[in-house]
There are 2 protein chains.
Amino acid sequence: MGPQAATARDRHEDVTEERSAPSKRDAILDAARRVFLEAGYGAASMDAIAREAGVSKQTIYAHFGAKDALFGAIMVARADHFLEPLPEAVGDAPDVAAALDGLSRRYLEVLLAPEAVARFRVVMAESGRFPELAEVFYRSGPRRAADRLAAYLAALDAGGVLRVPDPEMAAGQFLGALRGDIFIRYLLGLGEPPTEADIDRTVAHAVGAFLGAHRAR
Amino acid sequence: MGPQAATARDRHEDVTEERSAPSKRDAILDAARRVFLEAGYGAASMDAIAREAGVSKQTIYAHFGAKDALFGAIMVARADHFLEPLPEAVGDAPDVAAALDGLSRRYLEVLLAPEAVARFRVVMAESGRFPELAEVFYRSGPRRAADRLAAYLAALDAGGVLRVPDPEMAAGQFLGALRGDIFIRYLLGLGEPPTEADIDRTVAHAVGAFLGAHRAR
DNA sequence: GTCTATAAAAGGATAGAC
DNA sequence: GTCTATCCTTTTATAGAC
């Protein structure tokens with residue numbers, strides 16, 4: 001093997017191909033993600049995952065051992081990416097209204113992405129069987145978003161821009177207002193996804209109400 | 001049979017007992033409700049329901065025909081009771097703050113009842129398989145609560161008490177703020193249920209913010 | 001590592017007696 | 001209407017060849 005190959009062999013010792021071909025392991029993970037998120041844990045069969053990945057069932061068991069281990073690998077691995085694009089929007093905005101507006105749009109964008117909704121639904125349904133998974137999901141997703149917003153609101157209060165005596169509560173309720181009815185409908189699989197105009201109205205109303213409620217005296 | 005028996009025999013023709021003993025049918029419905037809500041549709045077995053009800057599996061099939069029919073009977077039957085105690089709180093209250101306060105407490109009380117949370121979770125998880133069930137649940141639960149509140153807010157706006165130009169949106173976002181973080185945590189099965197003090201703080205904050213945002217000029 | 005074939009168990013639904 | 005006993009399909013998991 002060539003000299004630069006050293007950086008790429010963090011998993012295998014005896015690989016012969018120099019280009020890291022899409023490994024069966026990754027194919028399995030990808031297929032499992034799709035099948036689990038679409039069907040839920042119980043209704044997803046290992047046969048379906050094997051078929052989707054183009055491998056045999058035994059190959060899956062050789063890699064992951066059992067169904068619940070595979071499920072855990074999928075759900076935890078992707079939990080980090082949830083709501084990751086949120087923080088940048090807070091610090092750079094010229095004024096408060098624009099900052100809240102931008103943050104709200106990113107939040108709804110992430111929250112209403114089909115994969116995020118499916119993930120939420122599955123984690124929720126299986127929270128009894130996988131409690132630690134629900135915990136990780138909560139902390140890396142909803143909790144993190146609320147903490148970031150709370151920190152921003154606390155800074156606004158300290159700077160005298162707004163009056164926010166209880167930033168944690170205010171952050172939680174603001175994000176709750178943003179979710180409003182839309183998210184429930186989405187989780188229940190009802191009706192059409194919200195249009196751009198719906199988003200505009202929702203964000204404008206939530207931000208306006210928040211600024212009205214917390215304006216400095 | 002006696003003359004008064006006529007009113008009670010809307011289902012049976014050949015009953016011999018005069019007191020309506022807890023029928024097997026009701027025992028099945030009750031057991032099915034418990035098992036379905038605890039385990040979810042997929043993980044709930046007909047064997048478990050039969051055991052819990054103290055009857056044989058065949059008795060269940062004689063009454064309901066199939067698993068999905070039994071599930072539908074359970075979930076739809078109880079959907080009416082969801083949020084039923086809400087409307088009274090609106091009209092009688094002396095002032096707006098007290099009305100919103102009372103309504104908020106009832107809403108959270110109903111929403112955080114263990115059975116309501118379990119129902120929400122199950123309907124959500126099975127919304128793909130039973131779309132019409134999700135629709136009925138939504139309309140009789142979340143939607144109804146939001147509509148009632150919106151009508152009240154529209155009346156306040158018309159009376160000049162508050163300024164609420166978009167009552168539907170305001171109602172949805174107020175209820176969303178009320179759910180805030182608590183409901184998500186609850187759905188994910190995390191941590192302790194909220195204490196009385198938590199409820200007090202949550203309601204006070206949401207009502208205070210709402211009044212601040214929508215006060216008449 | 002990967003495949004084909006199979007074991008072992010669970011669960012939805014039905015047959016037939018009473 | 002109700003029970004016991006059974007069928008048949010699906011599904012997780014494993015054995016053994018290559």
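Quick caveat: nothing in here was measured; it's all calculated off a predicted structure. Residue numbers start from 1 in every chain, and the chains themselves are labelled A, B, ... in the order their sequence lines are given, proteins ahead of strands.
A search for salt bridge (Lys or Arg N to Asp or Glu O under 4.0 Å) contacts involving A:Arg105 returns A:Asp101, A:Asp200, not counting sequence neighbours. A search for salt bridge (Lys or Arg N to Asp or Glu O under 4.0 Å) contacts involving A:Asp68 returns nothing, not counting sequence neighbours. Residues forming a salt bridge (Lys or Arg N to Asp or Glu O under 4.0 Å) with B:Lys67 (at least two apart in sequence, or on another chain): none. For the side chain to side chain donor-acceptor pair (under 3.5 Å) test, residues two or more places apart in sequence or in another chain that qualify with A:Arg121 are B:Ser127. Every residue meeting the ring pair (Phe, Tyr, Trp, His ring centres under 6.0 Å) condition with A:Phe71, not counting sequence neighbours, appears here in chain and number order: A:Phe36, A:Tyr41, A:Phe130.
Looking at residues 29-53 of chain B, you'll see B:Ala44, B:Ser45, B:Met46 sit with a heavy atom under 4.0 Å from some atom of DNA chain C. The stretch residues 56-64 of chain A touches DNA chain C through A:Ser56, A:Gln58, A:Thr59, A:His63, each having a heavy atom within less than 4.0 Å of the strand.
One atom, CG of B:Asp68, and another, P of C:dG11, lie 18 Å apart when rounded to the nearest Å. Taking atom CG on B:Asp26 and atom P on D:dT2, their separation rounds to 11 Å, with Å as the unit. As a whole-Å value, the separation of A:Lys67 NZ from D:dT14 C1' is 17 Å.
A:Asp181 and A:Arg185 are not joined by a salt bridge, as no carboxylate oxygen comes within less than 4.0 angstrom of a charged side-chain nitrogen.
For residues 186-197 of chain B, the pairs satisfying side-chain hydrogen bond (donor to acceptor under 3.5 Å, both in side chains) are B:Thr195-B:Asp198, with sequence neighbours left out. Applying the ring-ring contact (aromatic ring centres under 6.0 Å, His included) test to residues at least two apart or on different chains, none of the pairs has a partner in residues 44-68 of chain B.
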